[in-house]
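Here is the structure we will look at, set down as structure tokens.
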Amino acid sequence: MTEITLHLRQDMNMPLYMQIYEHIKQEIIQEHITVGSRLPSHRKLSEHLQVSRNTVELAYAQLVAEGYVHSIPKKGLYAADLSYDIQPASPGVTAPFAQMERPTFDFSQGLVDASAFPITLWKRTMIQCLYDNEKEWFTPEHIQGEIVLREQLTNYLYQSRGVVCTPEQIVFGAGTQLLLSILVELMGVTTYAMEEPGFHRARAVLQNSRHPLTYVEIDEHGLSVQALRNTEATIVYITPSHQFPYGMIMPVHRRLELLDWAKETDGYIIEDDYDGEFRYIGRPIPALQGLDASNRVIYLGTFSKAFLPAMRMSYMVLPPSLLEVYKQKGALYKQTVSKIHQLTMYHFMKNGHWQRHLNRMRTLYKKKQKKLISSIQHWMGTNVTIIGSQSGLHIVLDVKNGMTESELIQAAARYDIKVYPLSVYYANPPFSCSHILLGFGGLTEQEIEVAISLLHTAWFG
């Protein structure tokens, strides 16, 4: 068994579990802890370091989630085979479903908790911004977005997501679909790949580009790199931190394998980090871009999931080589995000309001997800399987009652509940599917509990 020796610092601005996590991660990367070595049990390490078992459990959970260690039931945790050296990064077909105008309970994954939005604070910030930046309203906007906001975002992305970039690499746009369409124009004629199943709106952009598009199967670790290698693709669109829609997290060894593919093919990876802030065990999984030493990752992010969907403020981080292409071709594109909203968001972030809001929302959604899962387990038990419950704002439910996807949706609609099909996310939907997508951001805890009890009646009588 591996001996873990480190000095925990109470005076550091880093939680104890993160100190343990970082130490063990580096020991594995540097091969001081060799592949297959067994880590101490939760109890032994907590006694050795004189910390609570919860602290050790959080550290181990983060290591497991990121793929640095793996668990063998009834035996323990073991150091994983990373396969590749980690290098530091440089600075469709839709199933029919019942239509409801305003359902009592709407499990849409696109909804957020409007009651938790700090509307008074946002209005106050915007009014102050109108006074403080009066001269700005009569000057042209920057095609990439306001530099002061890009500077704030650069710091935030590094601290929260591990993204390494400069403000010059960031481009704002009104939504991920728009930014993806701009990327297609920059790339020119090439073959694209994406996960199957995958985000249907991204698929629509790639299909409409008329460029060759291939679909790559996923497994328990996300997109299969081996299957990707068997295609002609040189650009792949993926959601590694929370695969959409199934929710698995791509472990570090698979991420390194994917980066190796991009380097070998002289290709690019489009990383859509659509809800990477929302992880409920440990801290959010660092972005793939932070592992990229060859400048092959294009990072996409959005404020919609954590903030205000109606604002339509997304962004991409371009590697230096594509930034030059953007400067040549992108001058034809006007900035699509309002300068007023950009500068208001700058002040909102600068004054610390954004981080405080994000912390509140993470706590709120964690409670909602816990209520959703406990309600499902209470009412439906072994009649369903919950998929993708580690992070994000939705889960997938495998309902084992013999109903088809369409029948499940129609049965729910009779109780004024709107649930969503999974087949829409497949380019080639499976012949039979009983999987339903449940988003929980727009419902209260009480509404979640009531809705799940009604779904139990609708589906199981």
Side-chain angles (χ1 to χ4, degrees), residues 108-112 117 122 141-158 160-163 165-187 194 198-206 208-209 235 237-242 244 268-278 284 287-289 297-319 322-323 326 330 333-346 348-349 354-355 357-358 361 392-394 439 441:
S108 170
Q109 59 85 24
L111 295 177
V112 299
F117 182 74
W122 177 255
E141 71 279 1
H142 194 285
I143 60 170
Q144 290 182 226
E146 300 307 300
I147 184 62
V148 289
L149 178 57
R150 286 187 278 135
E151 290 170 347
Q152 286 292 322
L153 185 59
T154 297
N155 294 331
Y156 165 72
L157 289 177
Y158 180 73
S160 68
R161 306 297 299 120
V163 172
C165 69
T166 66
E168 288 71 28
Q169 291 174 253
I170 295 175
V171 178
F172 278 96
T176 299
Q177 280 185 298
L178 174 68
L179 291 174
L180 192 56
S181 65
I182 292 174
L183 279 176
V184 170
E185 291 294 324
L186 297 182
M187 299 295 189
M194 67 175 294
F199 186 38
H200 62 316
R201 301 192 191 283
R203 184 175 71 239
V205 172
L206 297 177
N208 291 338
S209 73
I235 301 174
Y237 167 91
I238 59 166
T239 51
S241 292
H242 185 222
F244 193 90
Y268 287 99
I269 301 163
I270 302 174
E271 176 184 14
D272 190 348
D273 197 23
Y274 66 99
D275 65 358
E277 294 92 350
F278 297 111
L288 173 65
Q289 195 266 6
V297 176
I298 303 158
Y299 179 86
L300 297 178
T302 181
F303 287 107
S304 294
K305 292 292 185 181
F307 199 58
L308 194 61
M311 194 164 60
R312 303 299 299 154
M313 188 184 295
S314 298
Y315 50 86
M316 61 182 173
V317 178
L318 296 174
L322 284 181
L323 181 60
Y326 178 84
Y333 295 98
K334 297 285 286 184
Q335 177 51 237
T336 55
V337 179
S338 161
K339 181 184 281 193
I340 295 176
H341 286 159
Q342 289 187 58
L343 292 177
T344 303
M345 179 57 81
Y346 156 68
F348 202 80
M349 296 182 79
W354 164 252
Q355 191 60 56
H357 170 71
L358 188 60
M361 297 307 292
L393 298 180
H394 74 271

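Scope of the values below: all heavy atoms of this structure, side chains included, with no hydrogens, waters or symmetry mates.
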*What's the shortest heavy-atom distance between Thr166 and Thr154, and which atoms?*
C-OG1, 3.7 Å
*Is Gln177 reaching over with its side chain to a backbone N or O of Arg201, donor-acceptor style, under 3.5 angstrom?*
yes
*Name of the residue among Phe348, Phe303, Trp122 meeting ring pair (Phe, Tyr, Trp, His ring centres under 6.0 Å) with Trp354*: Phe303
*Hey, does Asp272 have a side-chain heavy atom less than 4.5 Å from the side chain of Thr302?*
no
*If you measure from OH on Tyr315 to CG on Leu179, what distance do you get to the nearest 0.5 Å?*
11.0 Å
*When you measure from the side chain of Thr239 to the backbone N and O of Phe244, does any donor-acceptor pair fall under 3.5 Å?*
yes
*Do you know which two heavy atoms are closest between Val184 and Ser209, and how far apart they sit?*
CG1-CB, 3.5 Å
*Decide side chain to side chain contact (heavy atoms under 4.5 Å, CB included) for Ser314 and Leu300; before the verdict, give the C-alpha distance in whole Å, the side-chain angles of both, and the deciding distance to 0.1 Å.*
CA-CA 8 Å; Ser314 298; Leu300 297 178; over 6 Å; no
*asked:* Before you tell me yes or no, could you show the steps for Leu149 and His142 under side chain to side chain contact (heavy atoms under 4.5 Å, CB included), namely the whole-Å CA-CA distance, both residues' side-chain angles and the distance that decides it to 0.1 Å?
replied: CA-CA 11 Å; Leu149 178 57; His142 194 285; over 6 Å; no
*Output yes when a side-chain donor or acceptor of Glu277 lies under 3.5 Å from a complementary backbone atom of Leu358, and no otherwise.*
no
*OH of Tyr268 to CD1 of Ile235: how many Å apart, nearest 0.5 Å?*
8.5 Å
*Is the backbone of Glu168 close enough, under 3.5 Å, to the side chain of Gln144 for a donor and an acceptor to pair up by distance?*
yes
*Could you list the residues that satisfy salt bridge (charged side-chain N to carboxylate O under 4.0 Å, His left out) with Asp273, not counting sequence neighbours?*
Arg161
_Side chain proximity check, Phe172 to Leu153, heavy atoms < 4.5 angstrom_ = yes
*Quick one: closest heavy-atom pair of Gln109 and His394, and the distance?*
CB-CB, 3.9 Å
_Flag side-chain contact, heavy atom, 4.5 Å: Gln355 against Tyr156_ = yes
*Check whether any side-chain heavy atom of Pro319 lies under 4.5 Å from a side-chain heavy atom of Ile298, and answer yes or no.*
yes
*Close side-chain approach of Phe307 to Met313, heavy-atom, < 4.5 Å*: no
_Presence of salt bridge, Lys334 and Glu141, under 4.0 angstrom_ = yes
*asked:* I need the minimum non-hydrogen distance between Val112 and Ser304, along with the two atoms involved.
replied: CG1-O, 3.8 Å
*What about Phe199 and Tyr274, are their ring centers closer than 6.0 Å?*
no
*Report the C-alpha distance between Leu322 and Met316 in whole Å, list the side-chain angles of each, state the deciding distance to 0.1 Å, and finish with yes or no for side chain to side chain contact (heavy atoms under 4.5 Å, CB included).*
CA-CA 11 Å; Leu322 284 181; Met316 61 182 173; over 6 Å; no
*Within the side chain of Glu185, is there an N or O that forms a donor-acceptor pair under 3.5 Å with the backbone of Ile182?*
no
*asked:* Walk me through whether Leu183 and Leu318 qualify under side chain to side chain contact (heavy atoms under 4.5 Å, CB included).
replied: CA-CA 9 Å; Leu183 279 176; Leu318 296 174; 3.7 Å; yes
*asked:* Distance check, rounded to the nearest 0.5 Å: Gln342 atom CD versus Gln152 atom CD?
replied: 13.0 Å
*Nearest heavy-atom neighbours spanning Ser241 and Glu271*: OG-OE2, 4.4 Å
*Where do Pro167 and Glu151 come nearest, in terms of heavy atoms and distance?*
CG-CG, 3.8 Å
_Do Ile238 and Leu288 have side chains that approach each other closer than 4.5 Å (heavy atoms only, starting at C-beta)?_
yes
*Checking Gln289 side chain against Tyr299 main chain: does a donor-acceptor pair fall under 3.5 Å?*
no
*Could you tell me whether Tyr158 atom OH has more than 12 heavy atoms of other residues or ligands within 6.0 Å of it?*
no
